[in-house]
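Labels below follow one simple rule: chain letters A, B, ... track the order of the sequence lines, proteins then strands, and each chain is numbered from 1. These values consider heavy atoms only, across backbone and side chains, with no hydrogens, waters or symmetry-generated copies.
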Amino acid sequence: MSTRTALVLLEPTGGALSEVSAESLTFARHAAAEVHALVVGADASTLAEEAGRLGATVVHGAAATSGDAFSAYAPAAWAAAVVAAVEASGATLVLAAGTPRGNEVLAHVACRLGVAMAANVVQVDGDDGGSMVVSRQVLGGTALEEMRLTDRVALLTVAGHACEIEPAAAPAAAEVRPLDVALDPRDLVVRVVETVAGEPDASGALKSAKVVVGAGRGVGSADGFKEITDLADLLGGAVGVSRVVTSLGWRPHHEQVGQTGSRISPDVYIPCGISGAIQHWAGCSSAKTILAINTDAEAPMVTKAHYAVIGDLHEVVPAINEELRRRRG
Amino acid sequence: MDVLVCIKRVPDTGGAITLTDDGMGVDSRLLGHTVSPHEEAAVELAVQTAKATGGSATVLTVGTDDSIEQLRNAVALGCTSPVLVEVEPDRLGPADVAGMIADVVRRHEERGTSYGLVLLGNDAADTGDFQVGVRLAYELGRPVVTGVSRFEVDGEEVTARVESTDGTDVYRLPAPAVLTVMEGGVEPRYPSVPGRMKAKKAVVETVEPTHEPVGNGRVRLKLPPAPPTRVEILGEGASAAPAVVDLLEKLGVAR
């Protein structure tokens with residue numbers, strides 16, 4: 001059993017604990033003897049109960065010693081808060097979610113502490129208190145790297161869905177402790193000055209859909225989506241695509257499912273022509289039932305699915321659409 | 001404004017990969033090589049910025065001389081003065097790479113070229129460290145924004161845009177600065193014929209690394225275990241459609 005104290009940087013959304021932060025807390029509990037959490041730019045007291053349920057004993061609420069420096073996201077200032085919390089808690093393990101901000105802030109912390117950082121960790125393989133070996137995603141998630149962290153403080157970000165969110169065995173509200181953070185003016189040079197709202201609810205329909213029809217490289221071109229969107233319409237669902245589809249410009253980014261897109265948890269997910277790279281799997285593995293349509297019976301998406309049809313989506317999907325229309329009369 | 005853009009030669013893996021016998025790397029003998037989509041976007045932004053500001057877009061990589069292929073590709077797209085920090089990259093960690101890039105930035109500054117912006121990809125497609133840009137910024141004492149999809153330069157002020165789940169976060173920061181680029185904001189161009197000619201003739205500046213690497217802590221690579229398959233095959237081709245619709249009805253989603 002580890003004797004470490006872990007510090008988890010939370011990323012609250014709308015005053016509540018986000019899914020990725022809940023995963024980070026669960027992950028930390030498996031990797032450390034005691035877990036503290038840190039909240040920057042939000043009210044720590046509103047998160048204390050939820051953080052406690054997930055095993056945190058202390059929630060540090062960062063406040064700048066002058067002004068409202070934490071009212072807008074500033075990566076270097078966030079990192080200064082993490083460093084202050086490491087000192088206050090005595091943590092020798094610091095975790096954040098493997099999100100853009102989680103990775104960014106911990107990279108700053110790594111520079112400030114002069115230590116290594118492991119990004120997108122999926123598990124801790126071993127820890128003797130001084131040296132820790134972790135497995136983390138490399139090559140876009142197609143391989144794992146075992147990496148040794150030997151510095152006085154081990155920094156890691158937790159890959160999405162690295163663990164199931166689990167409440168602690170003996171949950172209790174965490175103690176809230178104010179944390180004074182002295183900032184240097186340079187810490188606020190890079191700061192969000194404005195957030196321009198995206199297209200209203202662009203990915204909302206996808207995230208809340210009961211049925212998602214997925215499409216990958218196998219569709220072949222931007223013009224090949226007619227039958228896919230028809231199937232989604234017939235089932236009252238939404239279209240979700242793999243990263244290659246958005247990077248080729250076939251479909252807009254807000255339809256992307258995966259680690260760098262939306263995470264979906266529909267009742268039924270129907271991936272068509274998607275091979276199922278881990279990057280994509282991270283976004284769709286919470287679907288209750290997966291029905292894969294693919295020419296390759298060995299594709300990861302097929303072997304991980306509950307049901308599959310082996311065949312060309314350009315033949316299978318129109319046949320399904322026709323059958324649906326026929327039965328509907 | 002003079003811009004330095006940093007790229008990395010990585011195996012073009014696509015699907016399945018094979019590891020080397022010692023498990024320390026990817027067996028890339030049968031693979032092509034490329035740069036990541038983030039870096040393609042960074043090269044495009046570097047070329048656009050150089051053109052808009054009357055400056056230059058210098059391209060740099062850290063790697064073996066095989067990486068000259070990727071440098072020349074960037075020159076074909078409009079970069080100039082390719083720089084190779086020649087070193088075996090497998091044993092380098094992110095702090096090593098950042099230190100080597102910083103050395104080049106400082107050396108070029110002594111020679112009279114001051115980079116107003118250094119651009120990198122948000123993360124390398126192979127090692128996925130998510131930190132070289134930030135480490136470089138600390139080495140150089142410059143501000144940094146990560147995950148930038150678009151930016152504009154107005155004199156010495158840079159306005160950078162980062163796409164987030166809430167919309168677009170806008171940052172304003174003074175140059176010189178470091179930006180790491182996320183794909184999606186610009187469409188990378190294709191090389192022109194004159195570009196390809198230039199690329200062939202471009203002289204690559206090769207520099208030796210100046211310090212011993214601290215390394216990356218790699219113990220070994222491994223492939224994730226395949227989960228036990230539980231899949232029920234409903235059929236092959238179009239003839240499976242009735243079985244599919246039966247299933248959709250059973251699951252209550254075929255209305």
Side-chain angles (χ1 to χ4, degrees), chain A residues 73 100 103-104 107-108 110-111 116-117 119-120 133 135 137-140 142-150 189-198 210-211 235-236 246-247 249 253 267-268 275 278 289 291 302-312 315-316 319-320 322-324 327, chain B residues 13 15-17 19 26 37 93 123 125-131 134-135 138 143-147 162 164 166-174 183-184 187 216-224 226-227 229-238 240-242 244-245 247-248 251 253-255:
Chain A
Y73 174 66
N103 282 322
E104 181 174 49
H108 279 265
C111 294
M117 161 194 154
N120 288 319
V133 176
S135 289
Q137 294 176 345
V138 293
L139 290 149
T142 52
L144 297 173
E145 176 188 64
E146 281 180 16
M147 176 179 175
R148 191 182 301 280
L149 295 164
T150 56
V189 168
V190 172
R191 189 166 192 239
V192 174
V193 292
E194 186 190 353
T195 298
V196 183
K210 293 280 175 218
V211 181
L235 299 174
T246 56
S247 44
H253 185 265
D267 289 344
V268 182
S275 65
I278 287 191
T289 301
L291 161 60
V302 173
T303 58
K304 288 175 182 171
H306 304 88
Y307 302 94
V309 174
I310 307 306
D312 184 346
E315 291 164 17
V316 178
I320 295 170
E322 199 181 281
E323 181 70 12
L324 280 166
R327 292 196 195 185
Chain B
T13 53
I17 58 163
L19 302 181
V26 174
D123 55 282
D126 54 354
T127 52
D129 290 307
F130 290 83
Q131 55 193 277
V134 175
R135 289 187 182 276
Y138 275 79
V144 56
V145 183
T146 68
V162 176
S164 77
D166 300 330
T168 305
D169 287 333
V170 182
Y171 296 84
R172 260 176 223 110
L173 60 155
E183 62 166 321
E187 193 67 36
N216 53 26
R218 175 174 292 181
V219 178
R220 66 183 178 118
L221 293 181
K222 57 191 180 185
L223 299 177
T229 185
R230 54 182 176 175
V231 64
E232 180 185 326
I233 305 292
L234 297 177
E236 293 193 6
V244 168
V245 177
L247 173 70
L248 294 173
L251 295 169
V253 297
R255 299 173 303 169

Chemist: Less than 4.5 Å to any heavy atom of chain B: does that hold for the side chain of Ser275(A), its backbone, both, or neither?
Modeler: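 Neither part.
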Chemist: Tell me, for Pro143(B) versus chain A, whether the close heavy atoms (under 4.5 Å) come from the side chain, the backbone, both or neither.
Modeler: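 Both parts, heavy atoms under 4.5 Å.
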Chemist: Would you say His108(A) and Val144(B) make side-chain contact, with heavy atoms under 4.5 Å?
Modeler: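 Side-chain contact under 4.5 Å: yes.
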Chemist: Can you tell which part of Val26(B) gets under 4.5 Å to a heavy atom of chain A, answering side chain, backbone, both or neither?
Modeler: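 Contact with chain A is through the side chain of Val26(B) alone.
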Chemist: Between chain B and each of Ala110(A), Cys111(A), Ala107(A), count heavy-atom pairs under 4.5 Å; write down the option with the most.
Modeler: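 Of the options given, most contacts go to Cys111(A).
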Chemist: Checking Tyr138(B) against chain A: side chain, backbone, both or neither under 4.5 Å from a heavy atom?
Modeler: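 Just the side chain, heavy atoms under 4.5 Å.
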Chemist: Are the side chains of His306(A) and Glu232(B) in contact, using a 4.5 Å heavy-atom criterion?
Modeler: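 They are not in side-chain contact.
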Chemist: Given that the side chain runs from C-beta out, which part of Val268(A) has a heavy atom under 4.5 Å from chain B: side chain, backbone, both or neither?
Modeler: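 It is the side chain, since no backbone atom gets that close.
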Chemist: Out of Val196(A), Thr195(A), Val192(A), which residue meets the side chain to side chain contact (heavy atoms under 4.5 Å, CB included) rule with Thr168(B)?
Modeler: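 When Val196(A), Thr195(A), Val192(A) are each tested with Thr168(B), the side chain to side chain contact (heavy atoms under 4.5 Å, CB included) holds only for Val196(A).
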Chemist: Any idea which of Asp267(A), Leu235(A), Thr289(A), Thr246(A) has the most non-hydrogen atom pairs under 4.5 angstrom with chain B?
Modeler: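 Heavy-atom pair counts peak at Leu235(A).
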Chemist: Select one option (side chain, backbone, both, neither) describing which atoms of Ile320(A) are under 4.5 Å from chain B's heavy atoms.
Modeler: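 Looking at Ile320(A), backbone and side chain both touch chain B.
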Chemist: Yes or no on side chain to side chain contact (heavy atoms under 4.5 Å, CB included) for Glu145(A) and Thr127(B), after CA distance, side-chain angles and deciding distance?
Modeler: CA-CA 9 Å; Glu145(A) 176 188 64; Thr127(B) 52; 5.7 Å; no
Chemist: What part of Glu236(B) lies closer than 4.5 angstrom to a heavy atom of chain A: side chain, backbone, both or neither?
Modeler: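 Its backbone and side chain both get close to chain A.
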Chemist: Which atoms of Leu251(B) come close to chain A, meaning under 4.5 Å heavy atom to heavy atom: side chain ones, backbone ones, both, or neither?
Modeler: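 It is the side chain, since no backbone atom gets that close.
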Chemist: Taking all non-hydrogen atoms of both residues, which atom of Gly237(B) and which atom of Val309(A) are closest, and how far apart?
Modeler: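 Smallest interatomic distance, heavy atoms only, reads O-CG1, 3.9 Å.
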Chemist: Given that the side chain runs from C-beta out, which part of Ala254(B) has a heavy atom under 4.5 Å from chain A: side chain, backbone, both or neither?
Modeler: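 Both parts, backbone and side chain.
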Chemist: Which bit of Asn103(A) is near chain B, if near means a heavy-atom gap under 4.5 Å: side chain, backbone, both or neither?
Modeler: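 Answer is both: backbone and side chain atoms of Asn103(A) are under 4.5 Å from chain B.
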Chemist: Does Gln131(B) use its side chain to pair, donor to acceptor, with the backbone of Met117(A) at less than 3.5 Å?
Modeler: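 The answer is yes, because a donor-acceptor pair under 3.5 Å joins these two groups.
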Chemist: Between Ala238(B), Pro174(B), Gly167(B), Gly217(B), which shows the greatest number of heavy-atom pairs under 4.5 Å with chain A?
Modeler: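 Of Ala238(B), Pro174(B), Gly167(B), Gly217(B), Gly217(B) has the most heavy-atom pairs under 4.5 Å with chain A.
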Chemist: With a 4.5 angstrom heavy-atom cut-off, is it the side chain or the backbone of Val211(A) that approaches chain B, or both, or neither?
Modeler: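 Just its side chain gets close to chain B.
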Chemist: Is any side-chain heavy atom of Val245(B) less than 4.5 Å from a side-chain heavy atom of Arg327(A)?
Modeler: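 With C-beta onward as the side chain, the pair touches.
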